[in-house]
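Let me begin by presenting the structure, written as structure tokens, before commenting on it.
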Amino acid sequence: MKTINNFLLLKISVLLIVNISVKAQTELTGFFDVISTQNFASKSSHQFQINQFELDVSYAHQTNFSVGTAVALNNESEKMELAMAFVHYSFNDGPALHPRRKETYDHTALLFGKFDIPFGLDYLSFASSDRLTITQPLVIEKTIGGWNDIGIDFHIFHGNFKFDIWAINGFSDGVNLGGNVRYTIFPSIEIGASHSSEIIKLNNSNKWINGIDLQLNSKIFQFQSEYLWTKGIYEGTKDTMMIDDIHHGVYFQLITELIEWTLMPIYLSLRFDAWQSELDRDFDGADDCQNRYTATFGYRIHDNLSFKIEILSSQLENYKREHKAILQAVVSF
């Protein structure tokens with residue numbers, strides 16, 4: 001009798017969970033990746049480690065209200081931290097979709113909470129499961145990094161036109177005001193421009209960042225490029241080394257799908273990055289220019305499993321060029 005009661009209780013619990021999940025459209029997803037890095041100039045042995053780990057919970061209600069939240073591993077503290085927690089409210093009726101990093105349907109919406117800032121192109125690839133390469137472009141590392149903060153964003157997506165405007169926490173003080181505008185000229189060509197300024201007092205902006213970008217997409221290749229220049233912001237935070245420094249950089253990246261020729265789900269990426277500071281940072285222990293060549297080979301074993309190998313060749317100032325190799329396995333669920 002006790003066994004029957006336990007079975008009935010379990011059955012009722014499962015049915016309730018399924019019923020709630022269907023009606024509320026709650027979804028649990030996540031990803032993690034394992035990497036191994038080898039610097040050819042160093043004699044130290046490589047070591048496998050967890051690079052990113054993230055758990056996402058999303059909730060979609062009816063056609064215009066959705067919530068997303070995520071916790072992610074902080075490699076420095078080795079602790080799980082809040083990565084995202086936002087509400088997305090659409091003013092238009094449309095498909096009941098879960099919150100995603102990339103929205104592809106026409107709508108006007110308000111987004112508030114903690115979210116990735118839609119500056120330029122690279123914010124769509126902050127997660128290792130979304131990035132076809134392993135590393136970020138050099139200019140992204142030197143400027144915004146993985147820009148994620150708390151605030152509010154209003155956006156309009158209509159046909160070939162996309163527009164974002166946001167107000168978020170500043171990099172150090174005050175509030176950061178910015179926006180992004182994108183336009184698709186042809187089905188395969190899109191251009192964009194972004195700007196954001198940190199406002200401490202009215203009419204006083206001493207930290208800002210600008211960006212322009214271009215992307216071309218076809219069935220077998222994807223090309224994208226961004227040029228960013230900034231003042232008072234360095235590696236995703238306040239520039240404490242050179243307050244009045246303006247630095248800038250650019251990258252050109254080509255990704256070619258090779259399945260048409262090899263009949264295997266593989267791809268190749270080639271990227272060139274360059275970054276330069278207008279003021280000499282040498283006496284502060286940092287360099288004021290750098291360039292990097294990156295080649296990435298990827299193999300999609302499954303929709304939820306991929307392997308990548310990346311070769312990087314970097315040069316700081318006029319020093320000897322350094323070479324490094326990175327292996328990565330990415331799992332999503």
Side-chain angles (χ1 to χ4, degrees), residues 33-49 51-52 74-76 119-122 125-126 128 131-147 171-172 207-213 223-255 268-298 308-328:
D33 71 279
V34 179
I35 66 170
S36 176
T37 304
Q38 178 64 57
N39 191 325
F40 296 139
S42 173
K43 295 182 180 179
S44 60
S45 59
H46 66 81
Q47 185 176 7
F48 291 101
Q49 64 179 23
N51 178 45
Q52 290 185 348
N74 183 324
N75 283 325
E76 294 183 0
F119 190 102
L121 297 175
D122 195 69
S125 303
F126 285 169
S128 57
R131 188 178 296 281
L132 295 180
T133 61
I134 299 177
T135 58
Q136 280 188 313
L138 178 62
V139 65
I140 303 298
E141 293 178 7
K142 295 292 186 180
T143 54
I144 61 175
W147 197 3
F171 283 98
S172 56
K207 301 177 185 65
W208 48 260
I209 181 168
N210 299 311
I212 55 176
D213 57 76
F223 172 83
Q224 66 182 44
S225 177
E226 290 188 74
Y227 175 68
L228 277 66
W229 66 104
T230 182
K231 176 183 177 182
I233 301 167
Y234 184 67
E235 295 185 347
T237 187
K238 176 182 178 181
D239 189 349
T240 58
M241 292 188 293
M242 304 291 281
I243 300 300
D244 296 322
D245 186 17
I246 295 177
H247 58 98
H248 51 93
V250 66
Y251 73 86
F252 305 94
Q253 178 174 284
L254 177 67
I255 297 175
L268 176 67
S269 172
L270 301 174
R271 187 175 69 216
F272 171 74
D273 309 78
W275 170 83
Q276 186 170 1
S277 168
E278 292 188 2
L279 297 178
D280 188 3
R281 291 169 173 261
D282 283 345
F283 63 87
D284 284 310
D287 299 291
D288 59 2
C289 68
Q290 185 176 352
N291 68 73
R292 185 166 71 193
Y293 296 93
T294 305
T296 309
F297 175 81
K308 309 170 195 174
I309 179 171
E310 190 165 279
I311 306 296
L312 301 95
S313 177
S314 305
Q315 186 173 26
L316 298 170
E317 294 276 1
N318 297 315
Y319 299 109
K320 184 178 179 181
R321 184 169 290 277
E322 293 186 353
H323 307 285
K324 182 166 61 174
I326 306 175
L327 295 173
Q328 183 187 57

To the nearest 0.5 angstrom, please state how far the CD1 atom of Ile209 sits from the OG1 atom of Thr230. 4.5 Å
Pairwise side-chain contact, Gln224 with Asp213, heavy-atom cut-off 4.5 Å (strictly under): no
The reported gap from CD in Glu310 to NZ in Lys324 (rounded to nearest 0.5 angstrom) is 9.0 Å
Output yes when a side-chain donor or acceptor of Gln52 lies under 3.5 Å from a complementary backbone atom of Phe126, and no otherwise. yes
With no hydrogens and no angle check, do the side chains of Ser128 and Gln328 hold a donor and an acceptor under 3.5 Å apart? no
Can you name the nearest heavy-atom pair linking Val250 to Ser225, along with the distance? CG2-OG, 4.1 Å
Indicate yes or no for a side-chain donor-acceptor contact from Asn75 to the backbone of Asn51 under 3.5 Å, with no hydrogens or angles considered. yes
I'd like to know whether Ile311 forms a side-chain contact (heavy atoms from CB on, under 4.5 Å) with Thr294, so could you lay out the CA-CA distance, the side-chain angles of the two residues, the decisive distance to 0.1 Å, and finally the verdict. CA-CA 6 Å; Ile311 306 296; Thr294 305; over 6 Å; no
Just so I know, are the side chains of Asp273 and Pro137 near enough to count as touching, which here means a heavy-atom distance under 4.5 Å? yes
Presence of salt bridge, Glu141 and Arg292, under 4.0 angstrom: yes
OG1-CG distance between Thr143 and Leu228, expressed to the nearest 0.5 angstrom: 5.0 Å
Could you give the distance from CD1 (Ile134) to CG (Leu327), rounded to the nearest 0.5 Å? 7.0 Å
Between atom CD1 of Ile212 and atom CH2 of Trp229, what is the distance when rounded to the nearest 0.5 Å? 5.5 Å
Beyond-backbone contact of Leu270 with Gln253, side-chain heavy atoms, under 4.5 angstrom: no
Below 4.5 Å, heavy atoms only, C-beta onward: do Ser36 and Ile326 meet side chain to side chain? no
Could you check whether Trp275 and His247 have their ring centres less than 6.0 Å apart? yes
Check: Trp208 ring centroid to Phe171 ring centroid under 6.0 Å: no
Ser269 to Thr133 - nearest heavy-atom pair and separation: OG-CG2, 3.4 Å
Between atom CG of Leu268 and atom CD1 of Ile255, what is the distance when rounded to the nearest 0.5 Å? 9.5 Å
With distance as the sole test, does Arg321 use its side chain to make a donor-acceptor pair with the main-chain N or O of Ser313 at under 3.5 Å? yes
Are any non-hydrogen side-chain atoms of Leu312 and Thr135 less than 4.5 angstrom apart? yes
Salt-bridge criterion met for Lys308 and Asp33 (N-O under 4.0 Å): no
Could you point out which residue of Gln136, Glu226, Arg271 forms a side-chain hydrogen bond (donor to acceptor under 3.5 Å, both in side chains) with Tyr251? Glu226
Under the side-chain contact (heavy atoms from CB on, under 4.5 Å) rule, what do Phe48 and Ile35 come out as? Steps first, then yes or no, please. CA-CA 6 Å; Phe48 291 101; Ile35 66 170; over 6 Å; no
Indicate yes or no for a side-chain donor-acceptor contact from Gln290 to the backbone of Ser314 under 3.5 Å, with no hydrogens or angles considered. no
